Number of protein chains: 2
Amino acid sequence: MAARPSPAVQDYLKAIYRLEGDGDSVTTTQVAQSLGVTAPSVSNMLKKLEQLGYVEGGGRRGVRLTSEGRTSALDVVRLHRLVETFLADTLGMRWDEVHREAEILEHHVSEALAARIAESLGHPDRDPHGDPIPTEQGLVPDSPTSVSALWTLPEGATGRVSRCDDRDPELLRFLAEVGLVPDVAVEVLARAPFGGPLTVRVGGERRVDVPPDAARGVFVLGGR
Amino acid sequence: MAARPSPAVQDYLKAIYRLEGDGDSVTTTQVAQSLGVTAPSVSNMLKKLEQLGYVEGGGRRGVRLTSEGRTSALDVVRLHRLVETFLADTLGMRWDEVHREAEILEHHVSEALAARIAESLGHPDRDPHGDPIPTEQGLVPDSPTSVSALWTLPEGATGRVSRCDDRDPELLRFLAEVGLVPDVAVEVLARAPFGGPLTVRVGGERRVDVPPDAARGVFVLGGR
DNA sequence: CCGCATTGTTATGTCACCCTAAGAACCGTC
DNA sequence: GACGGTTCTTAGGGTGACATAACAATGCGG
């Protein structure tokens, strides 16, 4: 029953967890950029995290989470996504507002409260942006392997929106407007050259032009 | 549009606000005891609060809140009680659990979220313990003047429970068990001598023995 | 009016977390 | 294998909020 890490530590663990997704070893600068702090701050904190047993490999080539670190990171991620889902579903907050709020509340919601929230929502396994919600035991619902950014799909590709990047409220407002939300069917009709927009059929109905930076934040579970 | 004070500052303002209730000038030691910190810490913080314009009269005889201080204190109290109400009504948390949780969340709930919570609850004016919830404009719903601690009532007195002290979960569990909750009718049937229990009729039905320390935490709006 | 308890302050230290400035280690290029 | 650029760490500060220790001021009983 380890004590709950401080908000700062939780933020570092969460960032490292997210960065481990692509490639496995995480560098000081990656973390610094991701959290908006300076490299020396990260250097100090990583040393501390290593002493606390949350990360290892502190020497050269970046750090990795220990299993304990991963457990703690998943705890935070779970709370974040549960809170997001709750704010959206129960309180009717817009999906572009919930991330900010959850970013703070994730550090201050007790386990007891989280359990109640989860129960009142019927133990959801996806948050409003389509991200999987880890279980209390730290299991992450299967992330299908054939998920690619909409941006990378060739003309003619079809599939369903799996998740959307939740960090940019403006992006989310745009996506909501054009109907690019989780579970909707999409088909890439055309790719404009020179970094132009993608033309996409959304929900079998609307034709929508999606600019590159938007298309990079939408992930599609491929039909083919 | 003053920036939101830090959690620590909010806690001090809340404590001073509560202590101003009885008598008007609040001393260093009162605050220290109320917050469980040492006198020097309070001394420092009061100096800071005075510089920030939240309190005045810092010299001799204790401090008082400025109107700005009172406004900020009421903001915190409002959030605390809204959160309590929400946790109890919407999430079914027991009334003895909500205080602890709200004590933390009050510092981290945004104005936007508070507004949504208030709306989803229909802008309640009492929390689960019967305490009044200040409005967004900082107005405290009328606290009736003829409210006295159950402990102070003479034999034969009648009335309705107005509010219960929310700080001791054990007390609240006891009160819930014997039915002493806000709005229930009570009548003092007997006062045992030498600090013995009060015998009270609750809700026109049950006879209940209420020990002194419990009777001091229940406040009754007098019928006569 | 003096002594002494209560109350409050100043001085100083600690801890967590962040910063800037400056030096050390690594890395591909020539 | 020296060189310039990137990356990382060490050194040294700063802030907020707490602590302890020691001193000052108040206020009351005798």
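Being a predicted model, the structure only gives us computed values, none of them experimental. Naming: A, B, ... by sequence-line order, numbering from 1 per chain.
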For this session: Tell me which nucleotide among dA17(D), dC8(D), dT9(C) gets nearest to the side chain of K48(B).
Result: dA17(D)
Problem set entry | Crowding at CD, E155(B) (>12 non-hydrogen neighbours, <6.0 Å) | yes
Report the distance from atom [atom1] of [X] to atom [atom2] of [N], rounded to the nearest whole Å.
{"X": "H107(A)", "N": "dA16(C)", "atom1": "NE2", "atom2": "P", "value": "18 Å"}
{"X": "L35(B)", "N": "dG16(D)", "atom1": "CG", "atom2": "C1'", "value": "16 Å"}
{"X": "L46(A)", "N": "dT7(D)", "atom1": "CG", "atom2": "C1'", "value": "13 Å"}
{"X": "Q51(A)", "N": "dC15(C)", "atom1": "CD", "atom2": "P", "value": "13 Å"}
{"X": "Q10(A)", "N": "dA16(C)", "atom1": "CD", "atom2": "C1'", "value": "15 Å"}

Seminar exercise, completed: Of S43(B) and V9(A), the one whose nearest nucleotide on DNA chain C sits closer to the 5' end is S43(B)
Using residues 133-140 of chain B as the side-chain source, report each donor-acceptor pair under 3.5 Å to any protein atom, sequence neighbours left out, with the distance given to one decimal.
| from | atom 1 | to | atom 2 | distance (Å) |
| --- | --- | --- | --- | --- |
| T135(B) | OG1 | Q137(B) | N | 3.2 |
| T135(B) | OG1 | G138(B) | N | 3.4 |
| T135(B) | OG1 | L139(B) | N | 3.1 |

OP1, OP2 of [N] versus side-chain N and O of [X]: anything below 4.0 Å?
{"X": "T28(B)", "N": "dT9(C)", "result": "yes"}
{"X": "S6(B)", "N": "dA17(D)", "result": "yes"}
{"X": "K47(A)", "N": "dC8(D)", "result": "no"}

Problem set entry | Residues which pass side-chain contact (heavy atoms from CB on, under 4.5 Å) with A8(B), listed by chain and number, not counting sequence neighbours | S6(B), M45(B)
Seminar exercise, completed: Residues at least two apart in sequence or cross-chain that pass side-chain contact (heavy atoms from CB on, under 4.5 Å) with R100(B), listed by chain then number, are none
Problem set entry | Pairs meeting criterion salt bridge (Lys or Arg N to Asp or Glu O under 4.0 Å) with involvement of residues 62-73 of chain A, two or more places apart | E20(A)-R70(A), E56(A)-R64(A)
Exercise. Among pairs that include at least one residue of residues 118-142 of chain A, which meet ring-ring contact (aromatic ring centres under 6.0 Å, His included), considering only residues two or more places apart or in two chains?
Worked result: W95(A)-H129(A)
Give me the distances for all protein-to-nucleotides 18-21 of chain C N/O pairs that come in under 3.5 Å?
| from | atom 1 | to | atom 2 | distance (Å) |
| --- | --- | --- | --- | --- |
| dC18(C) | OP2 | Y12(A) | OH | 3.4 |
| dC19(C) | OP2 | T38(A) | N | 3.0 |
| dC19(C) | OP2 | T38(A) | OG1 | 2.9 |
| dC19(C) | OP2 | S41(A) | OG | 2.5 |

